[in-house]
Amino acid sequence: MSTVSLHKQGRIGVIAVDHPPVNAISQAVREGIITQINAANADGHIAAIVLIAKGRTFMAGADITEFGKAPKSPGFPQVINALEQSHKPVIAAIHGTALGGGLELALACHFRIAHEGAKLGLPEVTLGIIPGAQGTQRLPRLVGLPLALEMIVSGKPITAPKAHQAGLVDDLVKGDADALPRAAIAYADKIITDGTAPRRLSQMEVPQNGSEADLLAKARADATRKMRGVLAPQKAIDALEAALTLPFEDGAAKERAILGACMASPQSKALQHAFFAERKAARLPKHAQNATPRPFNQIGIIGGGTMGCGIALACLGAGLYVTMIERDADALKRAQNSIHKSLDENLARGRIDKAAHTTQGALFSITTDMAALSEADIIIEAVFEKMEVKKSIFRDLDKVAKKGAILTTNTSYLNVDDIASVTGRPADILGLHFFSPANIMKLLEVVEAKKTAPDVLATAMVLAKKIRKIAVIARVCHGFIGNRMLEGYLREAGLLMLEGATPQQIDKAIRDFGYPMGPLQMIDMAGMDIGYMLRKQFPASRFDPNAYRVMNRLVEMDRKGQKTGAGIYRYEAGNRTPLPDPAIDKITEEEAQKAGITRRTISDEEIVDRCILSLVNEGARLLEDRIAMRASDIDVTYLYGYGFPRWRGGPMFYASQRGLDKICDRIKQFGETVGTRWWTPAPLLQKLAQEGKTFTDFDAE
Ligand code: 3HC
Ligand code: NAI
């Protein structure tokens, strides 16, 4: 069966694209559409044409795997031309997602109908490019500048009903999966019967009312503010402006030129890396690829604090039963109130409707009796971060949980093998490390312990997908992938402060690099007491003697961060804006003096390199130690768990893009100036640098 087929249904020619999984518009699809459009136009029995796609979705865009390679003919302009210039009317019939080039092909058709559940969008900016198949020129002609700006600059798809309301689709189809092809034939029949002429969007003008210059200026300002450092949204606005000021052909030429420049930019390469990295992370390691996941629909959660409640909300949102266990009546009441308050807030803010609010409330139950977990399929422990407490819980679980239940811990740092060892079923145990707030944060580290069974790992990945998390598989070590790397990042921030940089300078340098907040702001937000207590559990020799001097002193002064109204910054009542505090400068100077450090002027470049390259070096060690399977998994961890700027692709991709030889040299330089204890290149980093390779090459080997 060819990728694009033509069959006749009465006087209608149906062109069907069949290129699983998402009907990406590869060279074969482009060629197939042109061939079949020409054939339909040449066929005297055909009076109208329907363009439809098979499988789960309409065309989801250009084939991203072709990006960066030599262009293969025919290109998009030829397909667009064939569709729009067809002398017989062409109707696009959309289900699933019409994205990017997929929507652009639909815009080149003369009419569009969509299933009510479909989504339509131009997400190109999320890949660091702009729509390049004349979407920036046709969309504003059809729906006007405001909606075109909204869709193209944000990259977010809109629903079919919204698209219908805006005139982007001409008719909305209700019903089951078969309803769309039937409706498309009926629609095409009516076009023929009514003698409706093809409507070619390139021949229309963009509707204007004099507010366009203001709209464009506002869009540029908003994009600068909300998408700091990201180029593609600004470029997309330039292309939309061309739709207002230039004839169609010239606007389309300008769009193509901008696309070419974007495509060659490091940002687009980083964003495309992020797209594929996210999908690769979901792949199971070889030994688990054939495992059959265990079925589940009942989740047990032990501990209804910050994390337990967040995890419960994520599970309820996915339609899973949740039984929560708290230790006493007071804690139970607190957790119960917290869950119901969050559900009420979700309803009030329109995140869920009344029916979902009722259902989710009914799926939730809470008790102090562990025996209530006897029917749970997956149990997630989220009690205090103390090994003895966790072990005692797992001993109890071993008695209570049914055979085949999966027992997991949300520990941030503790050894999952040790926790598993107290049970008679270590194969059923793994770590599920959620991030706070667990109902919002996308990342989930799935920690495979030494004895975790392959089907247990596979089940965890299914659970992650079901509760809409991006899962990354890690193995057991202190802090797993994310928090182990974070140690160096925070250490450097602490040292830089002592060596002469102000907290404001450090945080600004990291924000300018692209993070939403700097390391010291983050520490204040999380609370310094957690790290303080954690450090006390380990021998002091594990840490840099100077890195936490200031923080330790602040905790002992009860300046723990935002929650105590002061930390590294000061805060005004009811306000979370970090304000510089001269008291901190004084404390820092005193601590530097005690440590025998002569303070100096530090450049922003040094701040960024010390914080970010410490991540990279530790990331390389994680790969050597096989804690992380792929460098791209480390990138995904940092993109979704720690706010690393997506347009830089993640720490490992960033390092590869800069050149691993340069990264190695810089680390050696710091070894000479700051000391070799933390600044010696990881052997893997040195090896790749010497071989002229990147972390992407490492992943491919
Ligand atoms: N090109 C190539 N492969 C693609 C692809 C694309 N446009 N979109 C998805 N795939 C692949 C994925 O990599 C994945 O491969 P894998 O199974 O080997 O990992 C497979 O298709 C399934 O994808 P998902 O796991 O993402 O499936 P979902 O059902 O969760 O999501 C989707 C489907 C919403 C369509 C999602 O895949 C998506 O958002 N795709 C990208 C859409 C996009 O960005 N389109 C614009 C492309 S740029 C463009 O069109 C330029 C034009 O203006 C010229
Ligand atoms: P928390 O202190 O907010 O909540 C812990 C809850 O467990 C409390 O409600 C307590 O009453 C309950 N509890 C204690 N012993 C219990 C027992 N024997 N039976 C039933 N309930 C019991 O702690 P938080 O922040 O929710 O952390 C929980 C776990 O999640 C810890 O292991 C922590 O390291 C980990 N974690 C925390 C993150 C965070 O940002 N807070 C992020 C990721 C993981």
Side-chain angles (χ1 to χ4, degrees), residues 19-26 55-67 75-77 79-80 96-105 119 121-136 152 155 157 255-256 259 262-263 268 271-272 275-283 301-311 324-328 330-332 334-335 338 366-368 370 380-387 389-390 392-393 396 409-414 431-438 441 443-445 465 480 482-483 525-527 530 534 641:
H19 186 43
V22 298
N23 290 308
I25 309 162
S26 63
R56 66 193 214 218
T57 178
F58 192 74
M59 289 165 272
D63 184 344
I64 306 170
T65 60
E66 285 183 3
F67 289 4
F76 266 92
V79 191
I80 298 277
T97 43
L99 298 178
L103 181 56
E104 290 172 297
L105 291 199
K119 289 201 168 146
L122 292 171
E124 282 83 347
V125 291
T126 64
L127 296 168
I129 57 173
I130 67 160
Q134 304 170 1
T136 62
I152 294 175
E255 178 200 85
R256 205 127 192 99
L259 171 72
C262 287
M263 201 62 107
S268 83
L271 287 163
Q272 286 154 35
F275 177 85
F276 286 115
E278 184 182 321
R279 283 155 182 83
K280 260 187 241 154
R283 286 185 204 152
I301 296 178
I302 310 175
T306 314
M307 295 308 288
C309 285
I311 297 166
M324 183 176 272
I325 307 294
E326 255 298 352
R327 56 183 168 153
D328 55 37
D330 283 351
L332 181 148
R334 263 199 310 276
S338 162
I366 182 163
T367 167
T368 51
M370 282 275 259
I380 304 168
E381 166 278 310
V383 304
F384 305 128
E385 184 76 347
K386 292 232 165 69
M387 185 54 103
V389 181
K390 304 235 185 230
S392 142
I393 298 265
D396 291 347
T409 170
N410 180 45
T411 180
S412 311
Y413 291 94
L414 300 175
L432 287 182
H433 182 218
F434 289 84
F435 287 69
S436 181
M441 290 291 284
L443 183 68
L444 175 62
E445 274 181 300
K465 191 151 185 156
F480 317 121
N483 284 345
M525 201 180 76
I530 299 172
L534 200 75

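Computed from heavy atoms alone, side chains included, the values below leave out hydrogens, waters and symmetry copies. Start at 1 and go down the list; that is how both ligands and their atoms are numbered. Remember, predicted model here, so these are calculated numbers, not experimental data.
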Nearest heavy-atom neighbours spanning Ala24 and Ala62: CB-O, 4.3 Å
Note, Met370 side chain near Ile302 side chain (heavy atom, < 4.5 Å): yes
Nearest neighbour of atom 9 (O) of ligand 2 from the list Lys386, Glu326, Glu385, on a heavy-atom basis: Glu326
Ligand 2 atoms in contact with Phe434 (distance to a heavy atom under 4.0 Å): 42 (C), 43 (C), 44 (C)
Gly303: numbered ligand 2 atoms lying under 4.0 Å from its heavy atoms: 7 (O), 12 (C), 21 (N)
Protein contact of atom 4 (O) of ligand 2 - nearest heavy atom, named by residue and atom, plus distance: Gly305 CA, 3.2 Å
Atoms of ligand 2, numbered as shown, that sit under 4.0 Å from any heavy atom of Ser436: 39 (C), 40 (O)
From Leu105 atom CG to Asn23 atom CG, the distance as rounded to the nearest 0.5 Å: 11.0 Å
Atom 23 (O) of ligand 2 protein-contacted, heavy-atom criterion under 4.0 angstrom: no
Note, Thr411 side chain near Phe480 side chain (heavy atom, < 4.5 Å): yes
With sequence neighbours excluded, residues passing salt bridge (Lys or Arg N to Asp or Glu O under 4.0 Å) with Glu381: Lys390
Contact atoms of ligand 2, heavy-atom distance to His433 under 4.0 Å: 43 (C), 44 (C)
Smallest separation among heavy atoms of Phe435 and Met441, with atom names: O-CB, 3.7 Å
Sub-3.5 Å N/O-N/O distance, Ile393 and ligand 2: no
Thr97 versus Thr57, side-chain donor and acceptor atoms under 3.5 Å: yes
4.5 Å side-chain heavy-atom contact, Ile129 and Gln272: yes
4.0 Å heavy-atom contact, Lys390 with ligand 2: yes
Side-chain heavy atoms of Ile325 within contact of Ile301, under 4.5 Å: no
Nearest-0.5 Å distance that lies between atom CZ in Arg256 and atom CZ in Phe76: 8.5 Å
Protein heavy atom at shortest distance from atom 39 (C) of ligand 2: Met307 SD, 3.6 Å
Pair Glu326, Thr368: side-chain N/O donor-acceptor within cut-off below 3.5 Å: no
Protein contact of atom 30 (O) of ligand 2 - nearest heavy atom, named by residue and atom, plus distance: Asn410 ND2, 2.9 Å
Derivation and outcome, side chain to side chain contact (heavy atoms under 4.5 Å, CB included), residues Phe58 and Leu103: CA-CA 9 Å; Phe58 192 74; Leu103 181 56; over 6 Å; no
Nitrogen or oxygen atoms of Arg327 and ligand 2 under 3.5 Å apart: yes
Numbered atoms and elements of ligand 2 in range of Gly304, under 4.0 angstrom, heavy atoms: 9 (O)
Closest approach of Ile152 to Leu122 (non-hydrogen atoms, all atoms of both residues): CG1-CD1, 3.6 Å
Ligand 2 contacted by Phe384 (non-hydrogen, < 4.0 Å): yes
Minimum side-chain heavy-atom gap Glu104-Glu124 below 4.5 Å: yes
Ligand 2 atoms in contact with Ile325 (distance to a heavy atom under 4.0 Å): 20 (C), 21 (N)
Shortest heavy-atom approach to atom 34 (O) of ligand 2 - which of Gly308, Ser412, Cys309: Ser412
Glu66-Ser26 side chain donor-acceptor pair, cut-off 3.5 Å: no
Proximal ligand 2 atoms for Ile302, defined as those under 4.0 Å from one of its heavy atoms: 19 (N), 20 (C)
Which protein N or O atoms sit under 3.5 Å from any N or O of ligand 1? Give each pair with its distance.
| from | atom 1 | to | atom 2 | distance (Å) |
| --- | --- | --- | --- | --- |
| ligand 1 | 1 (N) | Ala62 | O | 3.4 |
| ligand 1 | 1 (N) | Ile64 | N | 2.9 |
| ligand 1 | 7 (N) | Ala62 | O | 2.8 |
| ligand 1 | 18 (O) | Arg283 | NH2 | 3.3 |
| ligand 1 | 19 (O) | Arg283 | NH2 | 3.4 |
| ligand 1 | 26 (O) | Arg279 | NE | 2.7 |
| ligand 1 | 26 (O) | Arg279 | NH2 | 3.1 |
| ligand 1 | 27 (O) | Arg56 | NH2 | 2.8 |
| ligand 1 | 29 (O) | Arg56 | NH2 | 2.8 |
| ligand 1 | 45 (N) | Ala60 | O | 2.9 |
| ligand 1 | 50 (O) | Ala62 | N | 2.8 |
| ligand 1 | 50 (O) | Gly101 | N | 2.8 |
| ligand 1 | 53 (O) | Glu104 | OE1 | 2.7 |
| ligand 1 | 53 (O) | Glu124 | OE2 | 2.6 |
| ligand 1 | 53 (O) | Gly132 | N | 3.0 |

Nitrogen or oxygen of Val383 less than 3.5 angstrom from that of ligand 2: yes
